[in-house]
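What follows is a set of notes on a single structure, which appears directly below.
Residue indices begin at 1 and follow the sequence shown.
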Amino acid sequence: LIMSPMSENFRSSYYGTLGVSSVAVVKPPSSLDVLFKAEILDVVKLKSICLQHPLTTFHRPLVWKTILGVSPTANNEATRIYVKEQRKQQLEDLKRCLKFVSREPAGTTPSPEEFSLLYLIEKNRLLVSKRAEHTDLCAIAKPFIKLFPADEDAYWLFSSFAAMWETEMESSDLIPIGAFMDIVTRGIRDWSVSGYCGPP
């Protein structure tokens, strides 16, 4: 597949529309494949690669799950499968709790509203949460549902990101989460249109 100059340099072009300067994008380094051959995945190096290069759809799920702590850094298939099954079971437990406290039946496909409620149950905050918090969590959930077809991947990535965002909100003056996730969502749409392989 031969990519056009626009596709190859999409990151710079997209950041330019936001008024942010960036260096030209080069092809992902072969060091990414080398990194995935290590017994223990180096999260610091993974973060560095993500900041400098686009990710292919092949690498994106594992990189995101590793960086956000959803998958173990131990680069072992048996360990990864075990953790995945535990995450899946934990999500099913959360859904059963939601079904118990909610009068509405669960949908066949995940929704931002459902993810928000599951997260509040997970954090034991369902009864004390405010409407603004629910709105923010829905905004965070939308891109993850769009990017990851597997419910357990989408939910735990969302959960980890939401927890990280809440921690950062306590110590810094960030832009409103709704505005931030709107930028992410527009980026996802533009990546799909341009044929770009994955998000930064």
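Applying the 6.0 Å contact sphere to NZ of Lys123 captures more than 12 heavy atoms from other residues, nucleotides or ligands.
Expressed to the nearest 0.5 Å, how far NZ of Lys142 lies from OG of Ser111 amounts to 10.5 Å. A distance of 10.0 Å separates CG in Leu118 from CG in Asp151, rounded to the nearest 0.5 Å. Rounding to the nearest 0.5 angstrom, the gap separating the CG atom in Leu157 from the CZ atom in Arg87 is 9.0 Å. Atom NZ of Lys99 is separated from atom CZ of Arg96 by 10.0 Å, given to the nearest 0.5 angstrom.
For residues 153-165, the salt bridge (Lys or Arg N to Asp or Glu O under 4.0 Å) pairs, not counting sequence neighbours, are Lys65-Asp153, Lys84-Asp153. Sequence neighbours left out, not one pair with a member in residues 154-163 passes salt bridge (Lys or Arg N to Asp or Glu O under 4.0 Å).
Under a hydrophobic clustering in which Ile, Leu, Val, Met, Phe, Trp and Tyr are joined whenever their side-chain heavy atoms come within less than 4.5 Å, directly or via other members, Val44 and Leu68 fall into different clusters. Under the 4.5 Å side-chain heavy-atom criterion for ILVMFWY residues, no single connected hydrophobic cluster contains both Ile81 and Phe148. Hydrophobic clustering of Ile, Leu, Val, Met, Phe, Trp and Tyr side chains at less than 4.5 Å, counting indirect connections, keeps Val101 apart from Leu127. Under a hydrophobic clustering in which Ile, Leu, Val, Met, Phe, Trp and Tyr are joined whenever their side-chain heavy atoms come within less than 4.5 Å, directly or via other members, Val83 and Leu91 fall into different clusters. By the rule that hydrophobic residues join a cluster once side-chain heavy atoms approach within less than 4.5 Å of another member, Val43 and Phe36 end up as members of separate clusters.
Take Glu122 and apply the salt bridge (Lys or Arg N to Asp or Glu O under 4.0 Å) test, not counting sequence neighbours, and it matches no residue. The ring-ring contact (aromatic ring centres under 6.0 Å, His included) search around Tyr119 returns Phe158, not counting sequence neighbours. Not counting sequence neighbours, Arg131 has no partner by the salt bridge (Lys or Arg N to Asp or Glu O under 4.0 Å) test. Take Asn75 and apply the side-chain contact (heavy atoms from CB on, under 4.5 Å) test, not counting sequence neighbours, and it matches Leu41, Arg80. Contacts of Asp42 classified as salt bridge (Lys or Arg N to Asp or Glu O under 4.0 Å), with partners at least two apart in sequence or in another chain: none. The side-chain contact (heavy atoms from CB on, under 4.5 Å) check on Leu117 picks up Leu98, Leu126, His134, with sequence neighbours excluded. Residues passing the salt bridge (Lys or Arg N to Asp or Glu O under 4.0 Å) test with Arg125, sequence neighbours excluded: Glu133, Glu166. Every side-chain contact (heavy atoms from CB on, under 4.5 Å) that Gln90 has, sequence neighbours left out, goes to Trp156. In this structure, the side-chain contact (heavy atoms from CB on, under 4.5 Å) partners of Ile40, at least two apart in sequence or on a different chain, are Thr73, Ala74. Listed by chain and residue number, nothing satisfies the ring-ring contact (aromatic ring centres under 6.0 Å, His included) test with Tyr82 (two or more places apart in sequence, or in another chain).
Heavy atoms only, all atoms of each residue included: Ile145 and Pro112 are closest at CD1-N, 3.5 Å. The shortest heavy-atom contact between Asn76 and Thr79 is OD1-N, 2.9 Å.
Using cut-offs of 30° and 60° on the angle between ring planes, the pair Phe161 and Phe144 is tilted.
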Report task. Test side chain to side chain contact (heavy atoms under 4.5 Å, CB included) on Leu137 and Phe115 and set out the steps. Result -> CA-CA 8 Å; Leu137 290 171; Phe115 273 22; over 6 Å; no
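The pair Lys88-Asp93 does not meet the salt-bridge criterion, since no charged nitrogen lies less than 4.0 angstrom from a carboxylate oxygen.
Residues Lys95 and Glu114 meet the side-chain proximity criterion, which asks for heavy atoms closer than 4.5 Å.
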